[in-house]
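Naming: A, B, ... by sequence-line order, numbering from 1 per chain. All values derive from a computational prediction rather than experimental measurement.
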2 protein chains.
Amino acid sequence: MSESKPRTLGAILYPQFELLDLYGPLEMFGCLEPDVEIIPVAEKTGPVASTPGIETVAKFDFDSCPPLDMLLLPGGIGTLPQLANEPMLEFLRKRTAAAEVTMSVCSGSALLARAGVLDGRRATSNKLYFQLATSQSDAVDWVTEARWVEDGPFVTSSGVSAGTDMSLAVIAKLYGRERAQKVAVMTEYEWAEDSARDPFAKYLNQAGQILG
Amino acid sequence: MSESKPRTLGAILYPQFELLDLYGPLEMFGCLEPDVEIIPVAEKTGPVASTPGIETVAKFDFDSCPPLDMLLLPGGIGTLPQLANEPMLEFLRKRTAAAEVTMSVCSGSALLARAGVLDGRRATSNKLYFQLATSQSDAVDWVTEARWVEDGPFVTSSGVSAGTDMSLAVIAKLYGRERAQKVAVMTEYEWAEDSARDPFAKYLNQAGQILG
């Protein structure tokens, strides 16, 4: 069943974004075509390198980007310099205010917190950089054990793969659970539907050990 | 523990490849840097559009592509025209013969079968296009129920998300199970380690119903 007008989904790119943060959710939303149109946007148009180098093309910059119904903000090691990038923070403030849904994956929520748009809301982040997120704002109610957290128009997920489960939950909310389940079957994805079940919570604050 | 020389992983792009087929495995292999170097390659260099449009940049064409230790061949709706694309089939014949490991995801195995490199081997494909794969060669032993199948240097996975589980199995084989588990934890990914467990086998031959 198609909506009359597709929702636009802004895929927000920046150097050294984490690949699956972006592409897990985009796989799922891509299955909704023509009901969803993916809009790759970055500070400048052109190729944007991920952490392992492979590049995705930004078709729009922050000014030329069309209206966005949904935002998808990945995390990754590249989050750190973006925390001090005012054009990015301003873009996030402006576009989240107008969007129906804003999704972040992994350390993407650190950026949202820095932009101030999560103040007064519940949110989560990934295990490896959890303190990076919490140190951006004391006014956010940070949830340590969650696959993802929804509060109003903001849906923040835990690390990397958690974003894929979150995206199916957003699809279920906007297009119905049956459609989300069809997408999961088509992509042979075992959807973890319970946002509160977090098999990786036990690794929090053991980041050094995980990486060691 | 780093190897002295990184393995090169060819990420083979073609128009309308399926996003997660490529980026699930690339997320996992990307976590092995600097032990793995990702090489995006296509028939022509430049942007290559996925099914929902968003583009990945091919840095090498089939001639300029450096030696590849590993190949990753995604599937997707774009597989169909590639079945008649002799330069692609020739590239696959030549490079699989020289590679340590060749991985395909989803309908990527249809292309490998068409190239003739799976003859005499066991292989699988995705549920939605299974007959597309089997119709390419009678000399392949097609396995209907498997998350992925390994036979010699070829590892073929079922649809889309199955490729991510397969990639961790290949990482475990080449770099040890402990390292694969670390990658899974870092990416908060619940790795389905059993290649024979296929929760989507029941949907085989119900493709129309799934899509309906």
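- Along residues 52-68 of chain A, the residues that come nearer than 4.5 angstrom to chain B, judged on non-hydrogen atoms, are A/P52, A/I54, A/E55, A/T56, A/V57, A/K59 in order of number.
- Going from atom CG of B/L26 over to atom OG1 of A/T51 covers 12.5 Å, rounded to the nearest 0.5 Å.
- With rounding to the nearest 0.5 angstrom, the CD atom of B/E190 is 5.5 Å from the CZ atom of A/R147.
- One distance of note links SG of A/C31 with CG of B/L19; it measures 9.0 Å at 0.5 Å rounding.
- Both the backbone and the side chain of B/E18 come within contact range of chain A, judged by heavy atoms closer than 4.5 Å.
- With hydrogens and angles left out, the side-chain atoms of A/E188 and B/S161 include no donor and acceptor closer than 3.5 Å.
- Between chain B and the options A/S158, A/A192, A/C106, the largest number of non-hydrogen pairs under 4.5 Å is found for A/S158.
- In this structure, the side chains of B/Y23 and A/E27 stay at 4.5 Å or more apart for every pair of heavy atoms.
- Taking all atoms of both residues into account, the shortest heavy-atom contact from B/M28 to A/L20 is CE-CD2, 4.4 Å.
- Proximity to chain A (any heavy atom under 4.5 Å) is shown, for B/N126, by both the backbone and the side chain.
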